[in-house]
Structures are given as structure tokens and as C-alpha cells.
Amino acid sequence: MKKRTYKFSNSSVDYYLAGGISHLKEITEQKNTIIVTDDNVYRAHEKRFKNWKTIVLKPGEEYKVQRTADSIIEQLIGMEADRKTTLVGVGGGVITDMTGYVASVYMRGIKFGFVPTTLLSMVDASIGGKNGIDLGVYKNIVGVIRQPAFILHDMIFLNTLPSHEWENGFAEIIKHACIKDASMFRDLETGSLAKYKSGKKAICELIQRNALIKTKVVQQDEFEKGDRKLLNFGHTLGHALENQYDLSHGYAISIGMTYASRISRQLNGFKDSARVVYLLEKYGLPVHLEFDRQKVFDVLKMDKKREKTEMNYVLLEKIGKGVIRSIPVAELETIIKEL
Ligand SMILES: NC(=O)c1ccc[n+]([C@@H]2O[C@H](COP(=O)([O-])OP(=O)(O)OC[C@H]3O[C@@H](n4cnc5c(N)ncnc54)[C@H](O)[C@@H]3O)[C@@H](O)[C@H]2O)c1
Ligand SMILES: [Zn+2]
């Protein structure tokens, strides 16, 4: 099985992107491993969990909270997990975030790895070492940055992925294209959701290309002092909308990217906001929402990207080139209310 190792500031991560879950036992010792997954993944792929100790969680973002972390920890204690135990998150971003978080605090930190099963978690959530949970409307407000030991892909999981989750994944792929890769943006413009769903080679290549874009950004700036902030394109407003309006992550950031493109036009002379909107729509993503501006702004201003009275907002200079602009919170309030 092909392995590539990527170095981060104080650890390295083994990527097996052309792997397959049947190889998991070659990567981690079965008797010292506990898998964390959710009910949907478990039911759709039960046979793949055979002979593995497994903790099965209820699916959904609403369970990405401390209460669930406590319940996993209680189960780990019950299973006598110790410092030699490796936790493996097999699931979407909720599961990988939760697994990385619990593994980072259980006994002050044990080893963990990921088998992402959604498009979104393959290209985004499983990469970069951010592992967090939500509190109320505040997304990922509690967490750590700690890299997994390995990431293993298996395209077989995509066979059972609901349509809506494909769209969610494409939101992050389009984000990567907007901030870093104009040539991938053009490929997406000529491609389509149907083409990627049916073309095994095309989706494999697209996933690997995106996993690499994110990996490179994180390698250069693991602790988010600069360039890593670009990955938040569409996320400042997106996160504020996500929990308040019960939108999925991809849908929320699609609306966030639409507004960020318009703000880019206003503040940065960005000329291609229509192309961004068109591409999002082409991949089945929403680009408009009637929302309560004041309520959303009140959550938005608590964003982790705020520094006192300024907010670091990711804008586009051109397709493929994201930039970070510091916008006074008061000015941002006016912009959001007038958009
Ligand atoms: N850590 C990071 O850097 C990072 C980056 C992006 C997103 N995230 C987080 O990721 C989460 C979103 O990820 P997601 O969209 O993967 O969410 P998710 O884990 O909720 O998965 C989406 C849905 O698909 C189901 N599912 C997963 N794999 C399946 C499969 N193969 N077949 C059938 N059903 C399947 C799940 O049960 C769930 O209902 C959010 O919590 C977000 O904050 C984290
Ligand atoms: Zn995201």
C-alpha cells in the first residue's frame, strides 16, 4: 500500500490515500485499537468493522459536544483503554473532530488516526489536526491542534454517501479552488457533480489534489498565524449561519462564500464573483438565505478570527488567490446589514 509521509511542526502524518480499510490492521495493532464511528456509517458498512472494538455514536453535528466526549471517555475507561491504545475515527467530520479531541485529552493524549468516510472529511476535516467540539451556537469553540498518526482513505465509503453530502464536500473543494487553485476552478467549471459521482478516477484525483492543497497550507502555517486563515474563506459568516439556521456545514459556507465574494468585489475590486456563485450553484449549493442580520452579526463578532475591534476576513483578489483583510468590526456590521 502506497504511503506518503507529511511533516508538520512537531509530528508527521502517514497518508494512505490509495489504501482501503482492509489494510487498517497493517497500520494499527487490532488489539490495541478502538474505532469510533457513527450509526449511519456502522449500519451501511457493518462488515468492515468485524473484529474491531468499536464505539458507535449517534450521528449529527448536535452530538459534537462535550457530553458525547464524556460518554466516549466513560466507554474507554470501561474498555480499559490505556496509553498504548490508538483511537481511529471512521466517519465524517463530526467523527474525526470528536475522535481527535477525545484522543488528545484522554490520559493527556493517546495516538489516533482517521478513516474519513465523507467527501468533506476526505478533503478537509481529517486534515490539519484541528479537533474541536461545539458549545451552543459556537462552532468548534473548544478544541486542540494535534495531528493524527495516519489518514487512510477508502473510496468504497462514497458508494453509500447521500447526495446532500456530496454537495457539502464540493463546497470545501470549491473553497480550495477559490483561494489556491485557479486551474482546478476551471476544471470544476467544465466538470459536473454527475461526472465526479460516476467517474472513479476523476473523483480519486480530485480528492487527492484537495487533500494536498489543504496539507500544504497547514504545513506552512500549522498554528494559523497567516496563510492557514485562508481556509476560513466563507466560514466567518458560514459558521454564524450554520447552527442558527440548522444548515449543513457545506450549505452554510456556500452562502458564506457568496457573501465573501461580494464583499471582495466591494473592498478588493474582485471581478469574478458571478463565476464563484455560478460554480456553487452548478454543484447544487445554495447561494442565498434570508437571515436576521443583527442576530447573525452578534454571533459572527464572537468568531475566533476577531482581534479586538478588527475581524480578519478572507477575501478574494482573483480566482485562485485568497487574501486576508482586517476589517473593523463596526464596518463589517454595516457591510453585512447592507449586503
Ligand atoms: N477539523 C477541521 O479542520 C474541519 C474542517 C472542516 C469541517 N470540519 C467539521 O466537520 C463536520 C462536517 O463534516 P461532515 O459533513 O463529514 O459531517 P458528518 O460527520 O456529520 O457526516 C455527514 C453525514 O453523513 C453520514 N455519513 C458519513 N459517512 C457516510 C457514508 N460513507 N455513507 C453514508 N453516510 C455517511 C453521517 O452519519 C452524517 O449523517 C463539521 O462538524 C465541521 O465543523 C472540521
Ligand atoms: Zn469547512
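Numbering of ligands and ligand atoms starts at 1, following listing order. We use all heavy atoms of the structure for the numbers below, so side chains are in, but hydrogens, waters and symmetry mates are not.
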(message) Using a strict threshold of under 4.0 Å (side-chain N to carboxylate O), is an ion pair present between Lys282 and Glu189?
(response) no
(message) I'd like to know if the side chain of Thr28 pairs up with that of Thr33 as donor and acceptor (distance under 3.5 Å, no hydrogens or angles considered).
(response) yes
(message) Please check whether Lys139 reaches ligand 1 - meaning an N/O of the residue sits under 3.5 Å from an N/O of the ligand, judged on distance alone.
(response) yes
(request) Below 4.0 angstrom from a heavy atom of Lys130, which ligand 1 atoms are there? Numbered from 1 as shown, please. (result) 1 (N), 2 (C), 3 (O)
(message) Would you say the rings of Tyr101 and Tyr106 are close, in the sense that their centroids are separated by under 6.0 Å?
(response) no
(request) Would you kindly specify which portion of Asp97 sits under 4.0 Å from ligand 1, judged on non-hydrogen atoms: side chain, backbone, both or neither? (result) side chain
(request) May I ask you to decide if Gln147's main-chain N or O and Ser11's side chain share a donor-acceptor pair within less than 3.5 Å? (result) no
(request) Mark up the atoms of ligand 1 that fall under 4.0 Å of a heavy atom belonging to Glu61, in ascending order. (result) 40 (C), 41 (O)
(request) Looking only at protein heavy atoms, identify the closest one to atom 4 (C) of ligand 1 and say how far it is in Å. (result) Ala125 CA, 3.4 Å
(message) List ligand 1 atoms under 4.0 Å from Pro162, heavy atoms only on the residue side.
(response) 33 (C), 34 (N)
(message) Any donor-acceptor pair under 3.5 Å linking the side-chain atoms of Lys337 with those of Gln294?
(response) yes
(request) Would you kindly say whether His249 and Glu61 are connected by a side-chain donor-acceptor distance under 3.5 Å? (result) no
(message) Evaluate Lys130 against Glu224 for salt bridge (charged side-chain N to carboxylate O under 4.0 Å, His left out), listing each step before the verdict.
(response) CA-CA 10 Å; Lys130 278 192 188 176; Glu224 204 162 321; 2.5 Å; yes
(request) Indicate yes or no: does Lys58 engage Asp38 in a salt bridge with an N to O separation below 4.0 Å. (result) no
(message) Between His45 and Phe157, is the ring centroid distance below 6.0 Å?
(response) yes
(message) When you compare ligand 1 with Val94, is there at least one nitrogen or oxygen pair between them that comes in under 3.5 angstrom?
(response) yes
(message) Test of geometry: compute the angle NE2(His235)-the Zn ion (ligand 2)-OE2(Glu172) and round it to 10°.
(response) 120°
(message) Please determine whether a side-chain nitrogen of the Lys or Arg among Arg275 and Asp272 lies less than 4.0 Å from a carboxylate oxygen of the Asp or Glu.
(response) yes
(request) May I ask you to check whether Gly93 has an N/O atom sitting below 3.5 Å from an N/O atom of ligand 1? (result) yes
(request) Considering the heavy atoms of Asp38, write down every atom of ligand 1 situated less than 4.0 Å from one of them. (result) 36 (C), 37 (O)
(message) With a heavy-atom distance limit of 4.0 Å, tell me whether Lys175 approaches ligand 1 through its side chain, its backbone, both, or neither.
(response) neither
(request) Could you tell me the residue and atom name of the protein heavy atom closest to atom 12 (C) of ligand 1, and the distance to it rounded to 0.1 Å? (result) Leu120 CD2, 3.8 Å
(message) I'd like to check which ligand 1 atoms, numbered from 1 as shown, lie under 4.0 Å from a non-hydrogen atom of Pro59.
(response) 37 (O)
(request) May I ask you to check whether Phe157 has an N/O atom sitting below 3.5 Å from an N/O atom of ligand 1? (result) yes
(message) Yes or no: does Gly250 have any heavy atom under 4.0 Å from an atom of ligand 1?
(response) no
(request) Run the numbers for me: atoms of ligand 1, each under 4.0 Å from some heavy atom of Thr160, listed by number. (result) 30 (C), 31 (N), 32 (N), 33 (C)
(request) Compute the shortest N/O to N/O distance between Thr117 and ligand 1 and return yes if it is under 3.5 Å, no if not. (result) yes
(request) Considering heavy atoms of the protein only, find what lies nearest to atom 27 (C) of ligand 1 and give residue, atom and distance to 0.1 Å. (result) Thr118 CG2, 3.2 Å
(request) Answer yes or no: is there an ion pair linking Lys175 with Asp181, defined by an N-O contact shorter than 4.0 Å? (result) no
(message) I'd like to check whether Asp124 has a polar contact with ligand 1, where a contact means an N/O of the residue lying under 3.5 Å from an N/O of the ligand.
(response) no
(message) My understanding is that we take every heavy atom of each candidate and find the minimum distance to atom 23 (C) of ligand 1. Doing that for Arg43, Glu165, Met98, which one comes out nearest?
(response) Glu165
(message) Checking Thr37 against Arg43: is there a side-chain donor and acceptor pair closer than 3.5 Å?
(response) no
(message) Any salt bridge linking Glu222 with Arg228? Criterion: basic side-chain nitrogen under 4.0 Å from a carboxylate oxygen.
(response) no
(message) Taking 4.0 angstrom as the limit and counting only heavy atoms of Asn40, give me the atoms of ligand 1 inside it, by number and element.
(response) 36 (C), 37 (O), 39 (O)
(request) Enumerate the atoms of ligand 1 whose separation from the nearest heavy atom of Gly92 is less than 4.0 angstrom. (result) 16 (O), 19 (O)
(request) May I ask whether Met122 has any heavy atom positioned less than 4.0 angstrom from an atom of ligand 1? (result) no
